[in-house]
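Everything on this sheet refers to the single structure shown next.
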Amino acid sequence: MSMVKRSAIVDKLRRKRMLELLAEGKRIDGRGPLDYRKLEVEIGAIEKAEGSALVTLGNTKVVAGVKVKVEEPFPDTPDKGILIVNAEVLPVASAYAEPGPPDENAIELSRVTDRGVRASGMVDLSKLVIVEGKWVYSIFVDVSVLNTDGNLFDATSYAVVSALLNAKIPKYVFEDGEVKETGEVMPLPISNVPISVTMASIEDKLVVDPNGEEEGVMDARLTLVVDEEGRLCAGQKGGSGSLRPEKLMEAVEIAINKSKEIRKVIEEAVKVGKA
Amino acid sequence: MLIDEKGIRTDGRKWNELRPIKMEVGVLKNADGSCYIEFGKNKIMVAVYGPKEVHPRHMALSDRCLLRCRYHMSPFSTTTRKNPAPSRREIEISKVLREALEPSLILEDYPRTAIDVFVEILQSDGGSRCAGITAASVALADAGINMRDLVSAVAVGKVDGKIVLDLNDVEDKEGEADMPVAIMPNLNRVTLFQFEGILTKEEFEKAYELALKSVKKIYKIQREALYEKYFEGEVKVE
């Protein structure tokens, strides 16, 4: 998924250069280790979706849309609505992305994003029931990756969260033995906002928001999701390398701090989008 | 109620106790390396094939071996039948499993070849990915693959408000947090980390430290299993 053209020799040289720069606290694109690239969140970019957000993080660009259906609940959760998060890397996103069913990278991306939203209890699914055991709201959040330049995990998560915050879904009632649309809309029952913070580890040096070049040479990727109260709600290490145990606690500290800054950007964008 | 007033869990364990673990090395005749593990009620068979020729050939890497991993649950491994087609969960676990094992292997020693690791869950009981990694690492050693270290894995989590070691099936489903961790014990490096649930920073640190400490017990059992096959029990792990 890190779809920058790869060559073993160029990667080696790039990595060497990155490590020289990191020793001075600098990065290949001029950022400091704990700086994000410019984050832009455009709310309501897709009018036909019940909620949507276009997120630009450096050159990485993703769009998320919310759609709603009324369905039977899952048999093991008759008293809860349904929430499904799915992300796909489209062939428009890079020369190395191919059409077809999602590969393991896209599946991991969807599942880690879903985990953050679900574990934080962002959407109160118990409030999305029309008739218990019979009819519930089914909320689909689909993400299309439009351009890849690293850190799809954060960009996707921010798009999903912003689209959910922005969503106005049609209201249904159960009357005379059937489910009817009322013509009114309502916001989703939101009870928490999770913020994802992703880092790359290059020889046990952590940098946030890795770009495509950095992802190409990193040892491991580390995503941590922080909720409104500063608690951890999801995490995932990716990549074929390893890291020193202490690095994980350092990453937790970084994630808790950085999440505050990102939370402000998203809250502000949602506020502007609503006005 | 998953923990009673005396602090005893549903299966009779204390908060920092592992389930019983049994491992046997070299159980499959066709495989280059194999390992069977019972970890609580988990029953898992791991087979390693390779290094071998790569098919399709364009997948081959010129500077190192291609490691492939498949985590798969048998249809009868769960309470309700599991569809045998690979689920999204299994595809994700196959990926993190490969990435957990890869740092321990010296893949540069086998360029243009492939190693296949098959992790088949015959019965699942919570923590199957950790038991799978633990067994897979031993099966790779049994196959004689050049390695830097073994990989040992265990899950920690939060149940009824308490941090506990090695979650079983119910604790995994009804608990408040689950954190599988894999370590190379001698090199002291983390190769797998996943987390879902809600933990404060303090709880997170406590759980993580419990995992780092407990993984050493698993490492000892892995070595004992290898000693059992290769020294026929004549040399003991100290």
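Order of the sequence lines sets the chain letters (A, B, ...), proteins ahead of strands, with each chain counted from 1. Note that these values count all heavy atoms, side chains included, but never hydrogens, waters or copies made by symmetry.
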Correct closest heavy-atom pair for B:T191 and A:K237 would be O-NZ, 2.5 Å

If you tally heavy-atom pairs under 4.5 Å between each of B:A182, B:A177, B:S94, B:P103 and chain A, the highest tally belongs to B:P103

Can you measure from [atom1] ([X]) to [atom2] ([Y]) and round to the nearest 0.5 angstrom?
X: B:F195; Y: A:L232; atom1: CZ; atom2: CG; result: 5.5 Å
X: A:L109; Y: B:E92; atom1: CG; atom2: CD; result: 10.5 Å
X: A:S242; Y: B:R148; atom1: OG; atom2: CZ; result: 8.5 Å
X: B:L212; Y: A:E246; atom1: CG; atom2: CD; result: 9.0 Å
X: B:T200; Y: A:D227; atom1: OG1; atom2: CG; result: 10.5 Å

Portion of [X] that has a non-hydrogen atom of chain A nearer than 4.5 angstrom:
X: B:R98; answer: side chain
X: B:M184; answer: side chain
X: B:V190; answer: both
X: B:L192; answer: backbone

Among [options], which residue has the highest count of heavy-atom pairs closer than 4.5 Å to chain B?
options: A:R111, A:M249, A:R231; result: A:R111
options: A:D204, A:L224, A:V112; result: A:D204
options: A:P245, A:G230, A:A119, A:G121; result: A:P245

Over 12 non-hydrogen atoms of neighbours within 6.0 angstrom of [atom1] in [X]:
X: A:K127; atom1: NZ; answer: no
X: B:K41; atom1: NZ; answer: no
X: B:K201; atom1: NZ; answer: no
X: A:E72; atom1: CD; answer: no
X: A:K12; atom1: NZ; answer: no

Task: Side-chain heavy atoms of B:R88 within contact of A:P102, under 4.5 Å - done: yes

| request: Could you tell me whether a side-chain N or O of B:E99 sits under 3.5 Å from a main-chain N or O of A:G239, the two making a donor and an acceptor? | output: yes

Under 4.5 Å to a heavy atom of chain B? For A:E229 that would be neither

Is the shortest side-chain N to carboxylate O distance from B:K95 to A:D103 below 4.0 Å? no

